[in-house]
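Lettering follows sequence order; numbering is per chain, from 1.
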Number of protein chains: 2
Amino acid sequence: MRGVYVTNSNEFTTPTPVAAICGATRNLPETRLKQGVNLFHQGDRVHWIYQVKTGVVRLTRLLENGRRQVIAFGYPGDIVGFPLDGQHHTDCEGLSNATLQRYRRSALEDGDGDPQMHRDLLQAALREISAMQDHFMMLGRKSALEKVASFICVLTDRVGQSVGNYKQVSLPMSRSDIADFLGLTTETVSRSLTQLRKRKAIAIDNIYTIVILRPDVLRELSLGDHD
Amino acid sequence: MRGVYVTNSNEFTTPTPVAAICGATRNLPETRLKQGVNLFHQGDRVHWIYQVKTGVVRLTRLLENGRRQVIAFGYPGDIVGFPLDGQHHTDCEGLSNATLQRYRRSALEDGDGDPQMHRDLLQAALREISAMQDHFMMLGRKSALEKVASFICVLTDRVGQSVGNYKQVSLPMSRSDIADFLGLTTETVSRSLTQLRKRKAIAIDNIYTIVILRPDVLRELSLGDHD
DNA sequence: CGGGTTCTTGACTATCTTCAACGAAAGTGG
DNA sequence: CCACTTTCGTTGAAGATAGTCAAGAACCCG
């Protein structure tokens with residue numbers, strides 16, 4: 001969940017609506033992405049790499065037979081759109097309205113006259129690799145309850161907000177996005193959340209807002225040290 | 001399975017045997033790694049990044065409670081040891097005797113006077129990201145049989161050898177390595193291999209050598225288009 | 001050849017998925 | 001603005017898949 005999350009990047013050739021994208025110039029060109037709109041698609045040529053400034057985006061990959069895997073959620077600070085052979089290898093869609101700063105692909109690949117930006121983008125790629133390794137542990141070696149607890153933990157550490165004595169975290173993604181991220185079904189995600197609620201580890205304020213009642217309990221459950 | 005697989009790199013500070021490492025100089029310093037010996041550990045400071053020249057290495061990550069995830073197998077051409085914050089984030093061990101060419105960490109991070117090498121290492125990092133995304137699909141959205149079939153398919157495409165009319169692939173790793181790579185148990189890996197054998201998709205010559213009898217069947221099974 | 005490890009197979013169990021129903025929320029059109 | 005429709009989330013019951021435990025076979029090593 002930490003660091004960069006995506007994979008590849010470019011949008012001008014996308015076969016779906018890109019109307020939501022328009023560069024609002026500050027220092028660097030900024031892109032506005034509306035909720036539900038695609039920034040780029042698997043297979044698009046990569047012209048830009050993006051850093052999420054506000055909002056949340058979702059990176060997905062489709063299997064031949066329609067099964068879907070959510071590769072990552074991109075939160076502010078994350079960089080999405082790493083190319084391979086000049087192509088995007090995931091879809092990217094806004095889960096909320098989002099703004100992104102864009103960088104030429106060449107800024108990553110040959111520096112493009114800005115060594116500092118070059119270094120930063122490379123660091124982002126390395127962070128991405130490490131973050132994906134964390135995700136592997138989650139997908140491969142955790143039970144449903146542990147996965148959901150881990151997911152909430154990581155998200156809380158990354159983007160949790162303090163409200164009174166508690167921390168809370170907003171989940172702009174649907175249950176099925178979470179399921180496809182964790183390798184579960186929506187039903188199992190729902191049941192796991194219910195179980196966390198029944199154990200008083202969390203409270204579900206509304207469907208998109210979770211309050212962490214017992215961070216310690218949640219962390220234990222996420223590690224699998226539970227009864 | 002394609003591209004680079006590891007994560008971080010450095011070996012001189014490793015708490016375990018590094019005796020197997022000794023620079024045999026050709027153009028660039030070469031490292032020899034004996035079977036069963038660690039090249040680096042999770043948490044080690046990174047001094048070098050390695051490209052596998054011969055042999056196979058294994059990259060693993062440990063969970064707090066002892067559960068293990070195999071992040072990748074490094075075959076010739078793959079680069080292992082990408083750093084994050086100057087540290088290795090996986091263990092790396094030789095599955096067979098292996099030789100690796102090493103590059104200064106600085107060759108990745110600032111070019112170190114060789115722009116071409118710098119570009120190559122960056123490309124390797126991007127390939128790594130894409131390869132990990134493939135791995136996600138496998139971990140999250142495939143059945144046991146599909147995982148094992150995919151594993152053999154990818155390995156065959158990457159390092160399979162033609163023998164007569166058939167291709168074969170050698171598996172230098174143990175069943176439990178495969179299990180930890182695919183998020184399964186050794187028993188399930190074994191049962192899946194048996195099922196592939198019973199369906200005449202593969203033949204198991206000896207435990208470490210698999211002959212592909214029906215690539216088409218194997219591929220179908222890996223995609224989940226099976227009865 | 002013998003001993004230890006790894007692999008395979010079987011029986012049973014746990015976990016997660018599937019299928020189905022229901023309720024809540026959100027979107028649509030009058 | 002409200003009724004209608006559709007989607008999304010939760011819950012339950014039944015079934016399937018993979019895990020666990022246990023035993024035997026194959027392989028490796030000295």
Side-chain angles (χ1 to χ4, degrees), chain A residues 34-36 58 65-70 95-96 138-152 170-199 202-210 221 224 226-227, chain B residues 34-36 58 65-70 95-96 138-152 170-199 202-210 221 224 226-227:
Chain A
K34 288 225 175 84
Q35 178 175 24
R58 182 192 65 200
N65 49 23
R67 279 176 282 185
R68 194 183 71 150
Q69 175 72 43
V70 171
L95 286 177
S96 63
M138 196 139 82
L139 278 173
R141 287 288 170 233
K142 291 194 182 228
S143 71
L145 187 65
E146 289 164 14
K147 286 178 180 180
V148 174
S150 303
F151 180 69
I152 297 174
S170 90
L171 305 177
M173 68 292 287
S174 70
R175 296 292 188 262
S176 99
D177 286 336
I178 299 175
D180 286 342
F181 183 72
L182 297 176
L184 299 170
T185 60
T186 60
E187 292 94 328
T188 301
V189 170
S190 189
R191 278 186 254 269
S192 299
L193 285 171
T194 301
Q195 206 179 337
L196 292 177
R197 188 163 47 74
K198 286 184 176 163
R199 292 187 186 220
I202 63 170
I204 302 177
D205 192 42
N206 67 63
I207 302 184
Y208 296 109
T209 310
I210 286 180
L221 290 173
H226 52 288
D227 29 303
Chain B
K34 288 225 176 84
Q35 178 175 22
R58 183 192 65 201
N65 49 24
R67 277 176 283 185
R68 192 184 72 148
Q69 175 72 42
V70 171
L95 285 177
S96 62
M138 194 140 83
L139 279 173
R141 285 289 170 237
K142 291 193 181 227
S143 71
L145 187 65
E146 289 163 14
K147 285 178 181 181
V148 173
S150 304
F151 180 68
I152 296 174
S170 89
L171 305 177
M173 68 292 286
S174 70
R175 296 291 188 264
S176 100
D177 286 336
I178 299 174
D180 286 343
F181 183 72
L182 297 175
L184 299 170
T185 59
T186 60
E187 292 95 328
T188 300
V189 170
S190 189
R191 278 188 256 268
S192 299
L193 286 171
T194 300
Q195 206 179 338
L196 292 177
R197 189 163 46 74
K198 286 185 177 163
R199 292 185 185 222
I202 63 170
I204 302 178
D205 192 44
N206 68 63
I207 302 185
Y208 296 109
T209 310
I210 286 180
L221 289 172
H226 52 288
D227 30 302

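The separation between A/L196 atom CG and D/dG9 atom P is 17 Å, rounded to whole Å. When the C1' atom of D/dG9 is taken as reference, atom CZ of A/R197 falls 12 Å away, rounded to whole Å. Distance, A/I204 CD1 to D/dG9 C1': 10 Å, rounded to whole Å.
Note on B/D180 versus A/R141: salt bridge recorded, some NZ/NE/NH1/NH2 to OD/OE distance being below 4.0 Å.
Shown here are the side chain to side chain donor-acceptor pair (under 3.5 Å) partners of A/T209, two or more places apart in sequence or in another chain: A/N206. Taking A/S150 as the reference, A/K142 meet the side chain to side chain donor-acceptor pair (under 3.5 Å) condition, with sequence neighbours excluded. Shown here are the side-chain contact (heavy atoms from CB on, under 4.5 Å) partners of A/Q195, two or more places apart in sequence or in another chain: A/L145, A/R199. Residues that satisfy the side chain to side chain donor-acceptor pair (under 3.5 Å) test with A/R175, not counting sequence neighbours, are absent from this structure. In this view, B/S170 and B/P172 satisfy the side-chain contact (heavy atoms from CB on, under 4.5 Å) rule, not counting sequence neighbours.
When all heavy atoms are compared, the tightest approach of A/E146 to A/L221 is CG-O, 3.2 Å.
With contacts defined as side-chain heavy-atom distances shorter than 4.5 Å, the pair A/L193/A/I152 qualifies.
When DNA chain C is scanned in the 5' to 3' direction for atoms under 4.0 Å from non-hydrogen atoms of chain A, the outermost contacting nucleotides are C/dC16 to C/dC19.
In the helix from C/dC1-D/dG30 to C/dG30-D/dC1, the terminal helix axes, each the rotation mapping four pairs' C1' atoms onto the next four within five end pairs, subtend 60°, rounded to 10°.
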For this session: Sugar-phosphate means primed atoms, P, OP1 and OP2; the rest is base. With that split, encode nucleotides 12-30 of chain D 5' to 3' as B, S or - using protein heavy atoms under 4.0 Å.
Result: BB----SSBB-----S---
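Base engagement by B/S190 is indicated by at least one non-hydrogen atom pair under 4.0 Å involving a base atom.
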For residues 182-191 of chain B, please give each side-chain donor-acceptor pair under 3.5 Å, one per line with the distance, not counting sequence neighbours.
| unit_1 | atom_1 | unit_2 | atom_2 | d |
| --- | --- | --- | --- | --- |
| B/T185 | OG1 | B/T188 | N | 3.2 |
| B/T185 | OG1 | B/T188 | OG1 | 3.0 |

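If you take CE on B/M138 and CZ on B/F181, they are separated by 4.5 Å, rounding to the nearest 0.5 Å.
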